[in-house]
Amino acid sequence: MAKQKNQEVSPLLTSDLLVSRITRGKIKPEYADFGSSNLELAALLIETFEQHVGKPYGDLLAELEGYEEMNYRFVRGLSQLLGRRAVIETVSAVDPTSARTAVFEACGGMALSPSERKKALEKAAEKLSISIPELEKALWADLEENQVLKSFEPLSPAELLRKYNISLTQTLLFKAVDMDIRIAGDYQKILWRILKTGLMYSMEETEEEEEEEEGEKTEKGEETEEGEETEEGEETEEGKETEKGGKTRRGKKKEERIHLHLDGPASLFKMSERYGNSFARLFPALLKSKGWELRAGILHKGYQGKRVLEFTLDDSEGVFRPLPGETGYPEKGPHPSGLKVGEGREGYETETEGYETEAGAGFGFEDEGEGSGVQGVPGVPEPEEEIAAYDSSFEQEFGSLSFGNWKVSREPTVLKAGKYAFVPDFALQRDGVKVYVEIVGFWTPEYLEKKIEKLKEVREPVVLLINRKLRCSEKDFPARDVIFFEKKIPVYELMQVLRRYEDEKRAEDREKLQDMEIPLSGDLVSLEALAKEKGTWAETLKEVLSGRLTGAWKSVGEGVGESTGKGAREGIGNYVLLENYALHSTLLEKIDLELEKLGTSGTYAGAVKVFEEFGFDRSLYYPVLEHLGYKVSWCGLSEDDARVKKVKGKD
């Protein structure tokens, strides 16, 4: 049998392979450039993997170990990334676990002599219906060195170096206390990635002033491009100022930027593998943006103790996008001796210029990814990975729920909160009323405090649903303007909140309609259409009209009345409110006459034809019959068998 094991789990490196440079309180990974020596080494490693397809994985590991003498951490880092593009399989006649169990049972737990061992193998092989050599091979076939490299997905040497540089950055950011990102271009994709992964963030719109400069140098008395003669410090016609022997300066230009602040994994009281994993996913998405700058505080443990170092990066860094001329590499062949790539195996650290290697320093996370074979950070997608429709099962569950008359829509709208902004996950809408819902991912009490303070400046109603299990602190947070949940979306609690907004809307509508003239005209008036015209809910409009209808007539004797009040002026007294319609009394009289023509043998099907001739909505059929005093007697499921008869005393 053959069991496959895909090695592509994470593009991140294990922490012992992170090499970084520290200079005066700043830290930066020691990136691999696209020089010929690095490209040659990358090509050699790729070729080695290709040559070992179909061979024992242990042979590949042994050969790679020999290359590590050139530069241990660099070669090991590249090999880790390549290993995750490989598929290894366990090749054996039976499942290795079953083989070991059979041998253990056959020898009674222990074989003390060669004869006992041979006897146990014969007995186990007979039980499994395989030969003794096949059994011996199957016993340890699932060990990594005994598995077989089934396939390998190659890539260019330049692309391997690019992925290595990305992985170095992600591994360093895994120790971030916080991170600030400023984007001048399209920030939607990076913001969407933050929302999808549930990172703790705040967003702010800022304006930064940039001084523009012309490249032309002007001397005293020299003419400018416009043909004007300028003196030192004199302003030109366009308001530009020239310096002696210097560049012509323009005025300052304001540029709008989005400032995103994120809480890093190292800021959490409880180190969260999921949060760190999500944090690392952000960097490949950032590389797709333009006009970005990054600043992160990196928690560093060195001989001086713990301290936070500054890491800065922007979109001008070339190690993440090799130039066209750097993607080629020499033809495959023996690697030249004496190849030197970066520093040697033993690194060093200094406060001025130097390297820092973190051998053996781990993050304390256990890799849950199948087939990783290392202790590190699992499952970070490549930059090309598409964002799924829903990031969590809770979001998927919410999108499938029903909230009565409220319609659920996934609407990533940017809401203003003073100078800050944030994007909710969902919008619940009902007849023009919109309530936003955000399912909070990772959180701390301090983060929620800040978030709720910002929400007080948002005009739109927002409900926070907070997963208590994603708490990143031992402290708790009092449930004030939020709803906590653990296993399922709290539908009942959310409906209670929605009912409060419904009550507020009804109260606003009543106040709005209180002094408003609502004249009715025509035989059949749609209350929904009228409510839309007035900007209110149909149910509130019906309630107000019903109240005016009650007071429209002052009874004087039986069947005779005098029109009084606002309802009388609007002509409401001539109407009857049924369902979401107002029907004029003359229309009801006409319908009654048509129904009487059906006689005592009239059927419900006949009544339906009458209603259809008058253009009635189906929701009015039964209410009109009941209002006119008719009763429907069903004798089956067919409308032709249902009898319609006027009840005595209802004339």
Candidates Arg506, Lys505, Lys512 - the one meeting side chain to side chain donor-acceptor pair (under 3.5 Å) with Asp509: Lys505
Salt bridge (Lys or Arg N to Asp or Glu O under 4.0 Å): which pairs involve residues 611-622, sequence neighbours left out? Arg618-Glu639
Residue pairs fulfilling salt bridge (Lys or Arg N to Asp or Glu O under 4.0 Å) with at least one residue in residues 523-534, sequence neighbours excluded: none
Is it true that atom CG of Leu637 has more than 12 heavy atoms of other residues, nucleotides or ligands lying nearer than 6.0 Å? no
Main-chain N/O of His261 paired with Asp180 side-chain donor or acceptor, under 3.5 Å: no
Side-chain (Lys542) to main-chain (Asn580) donor-acceptor, under 3.5 angstrom: no
Are [X] and [Y] close enough that some pair of their side-chain heavy atoms sits under 4.5 Å apart?
X	Y	answer
Thr536	Val544	no
Leu294	Phe311	yes
Leu524	Leu620	yes
Thr603	Arg643	yes
Ser526	Tyr581	yes
Leu262	Leu282	yes
Phe616	Val610	no
Leu428	Val463	no

Can the ring centroids of Phe283 and Phe320 be said to lie less than 6.0 angstrom from one another? yes
Test side chain to side chain contact (heavy atoms under 4.5 Å, CB included) on Val435 and Leu498 and set out the steps. CA-CA 8 Å; Val435 177; Leu498 294 177; 4.2 Å; yes
Would you compute the distance between atom [atom1] of [X] and atom [atom2] of [Y] and round it to the nearest 0.5 angstrom?
X	Y	atom1	atom2	value
Gln496	Tyr501	CD	OH	13.5 Å
Leu545	Thr540	CG	OG1	11.0 Å
Glu293	Asp315	CD	CG	8.0 Å
Met203	Ile258	CE	CD1	5.5 Å
Lys590	Leu588	NZ	CG	11.0 Å
Ser585	Asp592	OG	CG	12.0 Å

If only side-chain N and O atoms count, and only distance matters, is there a donor-acceptor pair under 3.5 Å linking Glu543 with Trp537? no
Quick one: closest heavy-atom pair of [X] and [Y], and the distance?
X	Y	answer
Ile439	Asp425	N-OD2, 2.7 Å
Leu598	Ala607	CD1-N, 3.8 Å
Leu287	Trp292	CD2-CZ2, 3.8 Å
Leu465	Pro490	CD2-CG, 4.2 Å
Leu513	Leu541	CD1-CA, 3.9 Å
Met179	Phe279	CE-CZ, 3.6 Å

Where do Leu595 and Val644 land on the side chain to side chain contact (heavy atoms under 4.5 Å, CB included) test, with the steps shown first? CA-CA 9 Å; Leu595 292 174; Val644 176; 5.6 Å; no
Do Asn574 and Leu520 pass the side chain to side chain contact (heavy atoms under 4.5 Å, CB included) test, and can you show the C-alpha distance, the side-chain angles, and the key distance before you say yes or no? CA-CA 9 Å; Asn574 297 319; Leu520 301 180; over 6 Å; no
Indicate the ring-plane relationship of Trp634 and Tyr604, choosing parallel, tilted or perpendicular according to the 30° and 60° boundaries. tilted
I'd like to know if Lys646 and Glu596 make a salt bridge, using a cut-off of under 4.0 Å between side-chain N and carboxylate O. yes
Take Glu594 and Phe614 through the test side chain to side chain contact (heavy atoms under 4.5 Å, CB included) and record every step on the way to the result. CA-CA 11 Å; Glu594 293 297 323; Phe614 283 91; 4.1 Å; yes
